[in-house]
Colleague: 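Take a look at the following structure, please.
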Amino acid sequence: MSNAATSLTASTRLLRVLAALALLFGAGTLTACNMMEGAGEDISAGGDALNDAAEDAKD
């Protein structure tokens with residue numbers, strides 16, 4: 001086999017790099033979405049606790 005047949009062409013290497021970057025970007029995006037959802041739930045729970053405390057103080 002020739003060296004050219006065993007080595008990757010520039011376009012194949014570029015496609016592999018782009019695919020890897022797309023996977024990393026996608027994984028990062030999904031992680032960020034889950035973090036924001038969790039933060040929203042924490043903020044909501046804090047608001048509920050504050051509302052309950054205000055109701056208790058009012059009574």
Side-chain angles (χ1 to χ4, degrees):
M1 291 204 145
S2 70
N3 192 19
T6 58
S7 67
L8 297 174
T9 63
S11 61
T12 303
R13 275 186 258 153
L14 178 62
L15 285 175
R16 286 187 179 185
V17 168
L18 290 176
L21 289 175
L23 286 172
L24 289 172
F25 179 76
T29 301
L30 290 175
T31 301
C33 287
N34 287 336
M35 286 174 50
M36 291 307 295
E37 181 181 359
E41 290 172 1
D42 291 342
I43 292 169
S44 179
D48 290 342
L50 184 61
N51 192 28
D52 291 344
E55 288 294 325
D56 290 344
K58 186 170 94 173
D59 291 335

Colleague: Hey, could you give me the CG/CD distance between Asp42 and Glu37, rounded to the nearest 0.5 Å?
Modeller: 11.0 Å
Colleague: Could you tell me the separation between the OG1 atom of Thr12 and the CZ atom of Arg16, rounded to the nearest 0.5 Å?
Modeller: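 One gets 7.0 Å once the value is rounded to the nearest 0.5 Å.
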Colleague: For Phe25, is there any backbone N or O sitting under 3.5 Å from a side-chain donor or acceptor partner on Thr29?
Modeller: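 Yes; judged by distance alone, with no hydrogens or angles, the pair exists.
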Colleague: Drop me the distance from Ile43's CD1 to Met36's CE, to the nearest 0.5 angstrom.
Modeller: 7.0 Å
